[in-house]
*Asks:* 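What follows is a single structure, and I will ask about it in a moment.
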Amino acid sequence: MALLEIENLTVEFATAGGQFRAVDRLSLQADAGDVLAIVGESGSGKSVAMLAMMGLLPWTATVTADRLQFDGKDLLTMSAAGRRKIIGKDISMIFQEPMSSLNPCFTIGFQLGEAMKIHLGLSREARRSRAIELLDLVGIPAPEKRIGSFPHQLSGGMNQRVMIAIAIACNPKLLVADEPTTALDVTIQAQILELLLKLQQETDMALILITHDMGVVAETAQRVSVQYAGQKVEEQPVASLFDDPRHPYTAALLAALPERAHSRQLPSIPGVVPGQFDRPDGCLFAPRCTFATNRCRTEPPERAKGDTTSALCFYPLRNGVPQGHPGKEAAE
Amino acid sequence: MIAFLLRRIGLLIPTFIGVTIASFGFIRLLPGDPVLLMAGERGLTPERHEALLKQFGFDRPLWEQFLDYFFAIFQGDLGQSLVTKEPVFSEFLARFPATIELSLCAIIFAVALGIPAGMFAAVKRGSTYDHSIMGTALVGYSMPIFWWGLLLIIFFSGILKWTPVSGRISLMFFFPPVTGFMLIDSLLSGQKGAFTSAVSHLILPTVVLGTIPLAVIARQTRSAMLEVLSEDYVRTAKAKGLAPVRVIGVHALRNALIPVITTIGLQVGVLLAGAILTETIFSWPGIGKWMVDSIFRRDYPSVQGGLLLIAAIVMIVNLIVDLMYGLINPRIRHTGG
């Protein structure tokens with residue numbers, strides 16, 4: 001049994017125009033020591049799925065799943081109070097915008113100490129010394145001075161280090177990093193990723209890294225789950241994903257990487273992610289897929305029961321060639 | 001910090017001059033003059049009228065009277081009441097504690113009810129609670145003070161006979177003022193029942209005067225809270241596993257209070273304006289009632305001096321609120337001006 005088991009997680013939001021499905025039957029597993037990357041465009045439901053797992057979505061969201069288990073405990077049927085004992089302790093999360101994710105009215109020390117107080121019951125002195133230790137661990141110089149600083153007195157990179165310190169304060173078993181480097185400049189990005197990986201290796205926690213940056217994925221992850229319009233389109237170990245992507249979407253994403261481009265003009269994927277009102281009947285990627293056939297446009301592809309990682313496609317690629325594809329003529 | 005303070009005080013000077021001109025001018029726009037009103041129904045001959053005006057100096061050109069008044073202010077002299085012949089400043093001081101006591105109770109009432117009501121409405125946004133709290137606030141905000149006061153008197157004093165109609169304390173009690181605050185003085189006097197009597201006299205005026213600030217504070221708290229609740233740091237607080245009480249009451253409230261504090265500061269002006277009506281309705285012997293009485297008597301020095309002092313208080317309170325900002329919002333602590 002894995003540390004985190006998600007099976008057919010679906011999240012729907014009540015909107016003025018009806019129900020909007022942000023996450024569609026997503027299945028994931030993560031174990032201690034795993035580094036799993038979830039990649040996808042904006043709006044593909046990466047963050048929503050993780051927020052749903054932690055119970056942090058607003059009341060307009062409806063979360064359903066066949067299984068949503070952490071460490072053998074069912075998060076779905078658990079009471080809010082029961083979930084709060086796990087959130088912030090065994091599962092913690094780092095967010096995209098370090099500047100706005102920290103409360104501007106409280107000192108770094110206060111915000112660091114909070115989780116230790118409620119989850120570990122540490123005394124004021126113990127919290128202080130542990131906070132200094134954590135700030136030191138995440139590479140903040142002069143931590144005993146910084147502990148009294150407010151977030152606006154630190155840079156974005158420093159604030160993200162503080163967020164990481166808060167997240168690992170109670171030695172979590174699972175750390176979810178939601179685009180932790182998107183708001184930071186490139187040199188700081190590398191430092192933050194390095195720090196996350198170092199902490200992950202030292203503590204053997206599971207790390208789920210949400211990102212839309214394939215470069216980040218290549219450098220950090222062991223396994224990659226690719227998400228499109230709320231669905232997982234495929235999951236593979238990082239090396240084989242980059243070598244031989246199975247889903248046309250993954251292949252198109254990889255082809256759009258500047259370092260892989262062969263022509264002067266960067267390849268791009270035509271069209272946009274389907275929204276609430278233009279959801280296709282068949283495969284969600286069909287309108288943008290170069291291999292789409294009539295079957296793709298009318299019939300949604302399904303995985304066999306128990307299979308959670310293969311490509312969600314009628315004609316999965318093998319070395320760039322769609323398998324079982326009826327050919328160009330039939331595709332028209 | 002000091003540069004900031006000096007700049008803010010510098011801004012007060014033109015306001016202050018404006019207030020002296022306005023307070024001096026407006027009372028003189030009213031028809032009638034103090035001499036006629038003192039003479040009352042008996043009337044007086046035109047010759048006698050002229051002579052008396054000359055005696056008070058009201059026959060001189062307005063600008064001359066104004067300059068006299070203006071320069072006297074800088075010597076700390078607000079003039080004498082035409083009616084009581086007492087210095088305006090000591091008249092003001094004698095009545096000021098009554099108004100402070102009432103205003104403080106009103107603002108405490110407004111804050112103590114308004115902030116929780118606004119928070120509750122924000123947390124339960126869109127619910128029946130939200131709509132009824134905001135509806136009530138709108139009604140409270142729109143209610144004319146004098147009408148609201150009379151309604152309460154009719155119901156609680158007239159029909160239910162729970163509270164007295166007017167005054168600060170029952171006539172059965174007498175003790176010399178020590179602090180000028182009836183709640184404290186009645187306790188100090190040691191007389192049985194005096195404190196209860198003072199409290200019962202205070203309840204209705206407090207509710208009447210506090211209603212508009214209560215409505216304003218509740219609405220402001222709700223909107224500030226709604227804005228803050230969708231902030232990233234609130235999600236961070238939830239992600240730590242904090243209980244909703246702590247997320248809302250500590251992380252969100254502290255940020256939501258920033259605009260609310262400004263609103264509370266601005267209510268001081270509203271309170272002093274409201275005190276004029278409230279004190280008149282409840283015969284509360286404070287500066288509001290004193291102002292109204294002075295206007296009816298065309299007691300020029302009292303009206304202009306009183307207005308000036310009230311304006312000064314409002315300006316000073318607003319300055320204090322600005323300074324307090326830094327306490328609650330670390331981002332604008334005035335370091336280096």
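Only heavy atoms go into these numbers, but all of them, side chains included; no hydrogens, no water, no symmetry mates. We name chains A, B, ... by the order of the sequence lines, and we start the count at 1 in each one.
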*Asks:* Report yes if the side chains of A:Arg161 and A:Ile192 come closer than 4.5 Å at any heavy-atom pair, otherwise no.
*Replies:* yes
*Asks:* Looking at A:Gly88, A:Cys105, A:Ala115, A:Gly55, which makes the most heavy-atom pairs under 4.5 Å with chain B?
*Replies:* A:Cys105
*Asks:* Tell me, for A:Ile86 versus chain B, whether the close heavy atoms (under 4.5 Å) come from the side chain, the backbone, both or neither.
*Replies:* neither
*Asks:* Is it the backbone or the side chain of B:Leu242 that comes under 4.5 Å from a heavy atom of chain A, or both, or neither?
*Replies:* both
*Asks:* Side chain from CB out, backbone as N, CA, C, O: work out which of these in A:Ile118 comes under 4.5 Å of a heavy atom of chain B, or both, or neither.
*Replies:* side chain
*Asks:* Begin from the C-alpha positions of A:Arg146 and A:Val162 and carry the test side chain to side chain contact (heavy atoms under 4.5 Å, CB included) through to its verdict.
*Replies:* CA-CA 10 Å; A:Arg146 285 291 151 226; A:Val162 172; over 6 Å; no
*Asks:* With a 4.0 Å cut-off on N to O distance, would you call A:Asp90 and A:Lys85 a salt bridge?
*Replies:* no
*Asks:* Verify side chain to side chain contact (heavy atoms under 4.5 Å, CB included) between B:His251 and B:Glu231, making sure each step is shown before the conclusion.
*Replies:* CA-CA 10 Å; B:His251 284 264; B:Glu231 292 284 351; over 6 Å; no
*Asks:* When you check the gap from the basic side-chain N to the acidic O, do B:Arg246 and A:Glu114 get nearer than 4.0 Å?
*Replies:* yes
*Asks:* May I ask you to decide if the ring planes of B:Tyr129 and B:Phe120 are parallel, tilted or perpendicular, using 30° and 60° as cut-offs?
*Replies:* perpendicular
*Asks:* Decide yes or no on side chain to side chain contact (heavy atoms under 4.5 Å, CB included) for B:Ile217 and B:Ile115, but give the supporting numbers first.
*Replies:* CA-CA 7 Å; B:Ile217 290 170; B:Ile115 291 183; 3.9 Å; yes
*Asks:* Is it the backbone or the side chain of B:Ala237 that comes under 4.5 Å from a heavy atom of chain A, or both, or neither?
*Replies:* neither
*Asks:* So for B:Val234, is it side chain, backbone, both, or neither that comes closer than 4.5 Å to the heavy atoms of chain A?
*Replies:* neither
*Asks:* Looking at A:Lys117, A:Met93, A:Gln111, which one has more heavy-atom pairs under 4.5 Å with chain B than the rest?
*Replies:* A:Gln111
*Asks:* Identify which part of A:Met99 has an atom lying under 4.5 Å from any heavy atom of chain B, answering side chain, backbone, both or neither.
*Replies:* neither
*Asks:* Among A:Ser92, A:Pro58, A:Pro151, A:Pro104, which has the most heavy-atom pairs under 4.5 Å with chain B?
*Replies:* A:Pro104
*Asks:* Given a strict heavy-atom distance threshold of 4.5 Å, which part of A:Ile94 is in contact with chain B: side chain, backbone, both, or neither?
*Replies:* neither
